[in-house]
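Every number for a ligand or one of its atoms is a count from 1 in the order of the listing. If you're wondering where the values come from, they're calculated on a predicted model, not measured in any experiment.
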Amino acid sequence: MSDTPTYGFDTLAIHAGARPDPATGARQVPIYQTTAYVFRDADHAAALFNLQEVGYIYSRLTNPTVAALQERVATLEGGVGAVCCSSGHAAQIMALFPLMGPGKNVVVSTRLYGGTITQFSQTIKRFGWEAKFVDLDDLAAVEAAIDDNTRAVFCETIANPGGYISDIPALAAIADKAGLPLIVDNTTATPYLCRPIELGATLVVHSLTKYLTGNGTVTGGVVVDSGRFDWSASDKFPSLSAAEPAYHGLKFHETFGALAFTFHGIAVGLRDLGMTLNPQAAHYTLMGIETLSLRMQRHVENAQKIASWLEGHAHVAGVTYAGLDSSPYKSRADQIVPKGAGALFTVQLKGGYEACVRFVDNLQIFSHVANLGDTRSLVIHSASTTHRQLTPEQQKAAGASPDVVRISIGIEDAADLIADLDQALNVAHQ
Ligand SMILES: *Cc1c(COP(=O)(O)O)cnc(C)c1O
């Protein structure tokens with residue numbers, strides 16, 4: 001079947017990018033476990049290397065299993081193309097790489113995944129890049145942070161770990177006015193709950209490691225391009241608009257139009273940075289995405305039920321789930337993620353740090369791991385783990401204070417999860 005966008009989301013989640021294998025008829029997407037591909041002849045090889053023909057050369061750049069996944073995620077997000085990468089963090093570097101350069105900056109949310117805060121506040125400095133952290137609820141501050149050297153604005157749809165929802169349309173309007181792309185990390189929402197491109201995002205990044213694969217088996221990432229940004233409107237994005245010396249002066253935007261960012265990501269990004277997703281991982285993620293809608297429905301149903309129950313518990317001081325009426329982000333959640341506010345939130349315990357540690361140690365069904373978006377329910381004390389590298393101010397801004405525990409609700413029976421949480425809360429407060 002062809003990937004016409006007239007099909008519904010659930011049909012596309014199973015069929016987009018996949019077709020019976022032309023060589024064998026295999027119905028499931030085969031794992032093309034091969035490093036290289038035989039050229040038809042020397043002219044074919046030359047055309048591939050010159051980007052005059054699209055095809056397979058070497059699996060650091062392209063692989064048929066990975067290509068099926070790229071097409072599937074791009075379709076589900078409403079983008080024109082996608083580039084898979086070896087992790088979510090690799091996807092963030094791959095998204096910024098064509099835009100940035102020494103002395104350039106990206107305006108980013110203070111509320112981000114802990115690892116992303118470290119990547120942006122420390123590691124990208126070694127490339128001469130800078131991240132300016134801004135409270136995205138202060139739109140005037142976002143505008144004020146943008147200067148002549150800004151090359152993008154970056155946020156997460158549902159910020160990890162705090163139950164915060166970004167106002168994507170408002171941020172897109174600001175980025176648009178400044179002639180800049182808006183990059184949205186949609187990992188914790190998935191295209192089932194939110195399609196940021198429809199809300200004005202230029203690029204969408206994902207950690208495939210989380211809900212898209214869905215079962216804790218894969219480390220992977222992807223960058224999806226909306227195809228809508230005019231990279232040649234200013235001289236700010238020479239990697240895409242100016243002549244590329246490594247391809248005999250080819251100009252990506254002029255040559256590939258809406259697919260410029262995707263082609264650059266493969267032909268320069270994967271070629272030279274080498275952050276490639278392996279075909280086995282792509283296969284697992286393709287299978288995971290087949291059940292994305294069913295899983296996300298259960299994830300949000302369980303999360304809503306459990307967050308409401310926790311909020312009423314005697315030992316709980318607060319719950320950050322944006323789907324609760326008590327959340328300051330409830331009305332924004334209704335607008336941005338109307339099918340549910342995800343399945344990730346934090347719980348603040350009255351017993352503080354000590355109670356959090358005892359709570360985590362006494363849960364039976366919930367696993368204490370540095371992961372989220374698994375079918376299994378997971379828990380982590382962010383302040384002593386994922387957000388440990390951050391200053392107390394950064395921890396607080398990121399929703400990872402010492403007295404809060406982050407919970408990723410799985411798709412088990414909600415009653416069993418509630419019983420487990422109840423017994424661990426009671427032990428933690430003895
Ligand atoms: C996990 C995660 C990442 C990083 O992804 P990896 O696959 O672990 O590199 C980035 N952003 C968010 C929101 C995440 O949850």
Side-chain angles (χ1 to χ4, degrees), residues 66 69 73 77 82-97 106 108-124 131 133 136 154-166 168 183-191 193-194 196 201 203-224 273-278 281-282 284-285 288-289 296 299 303 320 322 336-337 341-346 369-374 376 378-380 382 385-387 389-390 397-400 406-410:
V66 176
L69 175 59
V73 181
E77 286 286 4
V83 182
C84 283
C85 320
S86 51
S87 70
H89 268 11
Q92 290 167 189
I93 296 296
M94 287 281 289
L96 291 173
F97 173 65
V106 53
V108 310
S109 176
T110 47
R111 301 178 186 88
L112 294 172
Y113 175 69
T116 303
I117 294 179
T118 306
Q119 186 189 55
F120 284 177
S121 64
Q122 308 295 329
T123 303
I124 65 169
F133 289 86
L136 296 190
F154 185 100
C155 69
E156 292 176 2
T157 308
I158 302 173
N160 177 353
Y164 171 83
I165 309 282
S166 293
I168 297 173
I183 307 172
V184 177
D185 181 338
N186 199 33
T187 300
T188 52
T190 83
L193 295 177
C194 178
L203 302 172
V204 173
V205 295
H206 276 281
S207 168
L208 299 171
T209 317
K210 313 294 170 49
Y211 295 102
L212 288 180
T213 305
N215 47 37
T217 50
V218 160
T219 304
V222 67
V223 186
V224 182
L273 300 178
M275 300 167 165
T276 308
L277 187 73
N278 69 75
Y284 287 134
T285 305
I289 292 174
M296 292 312 291
H299 276 296
T320 61
I336 306 286
V337 282
L344 191 69
F345 55 83
T346 61
V369 299
N371 193 18
L372 62 97
D374 195 327
R376 274 152 284 273
L378 311 174
V379 66
I380 196 159
S382 302
T385 55
T386 50
H387 288 59
Q389 315 303 333
L390 308 186
R406 185 189 77 189
I407 295 186
S408 172
I409 297 293

Inset, instruction - Would you indicate whether the side-chain heavy atoms of Glu77 and Pro196 approach each other to under 4.5 Å? - result: yes

Inset, instruction - Collect the protein residues that have a non-hydrogen atom under 4.0 Å from ligand 1 and hand them over in chain and number order. - result: Ser87, Gly88, His89, Gln92, Tyr113, Thr116, Glu156, Asn160, Asp185, Thr187, Ser207, Thr209, Lys210, Gly220, Leu372

Inset, instruction - Could you tell me which non-hydrogen atom of Thr187 sits nearest to which non-hydrogen atom of Tyr211, and how far apart they are? - result: O-CD1, 3.5 Å

Legend entry - Taking every non-hydrogen atom, the tightest pair across Ala303 and Gly342: CB-O, 3.5 Å

Legend entry - Leu277 and Leu208, any side-chain heavy atoms less than 4.5 Å apart: yes

Legend entry - side chain to side chain donor-acceptor pair (under 3.5 Å) partners of Thr190, counting only residues at least two apart: none

Inset, instruction - Identify the two heavy atoms, one from Leu112 and one from Ile117, that lie closest to each other, and give their separation to 0.1 Å. - result: O-CD1, 3.5 Å

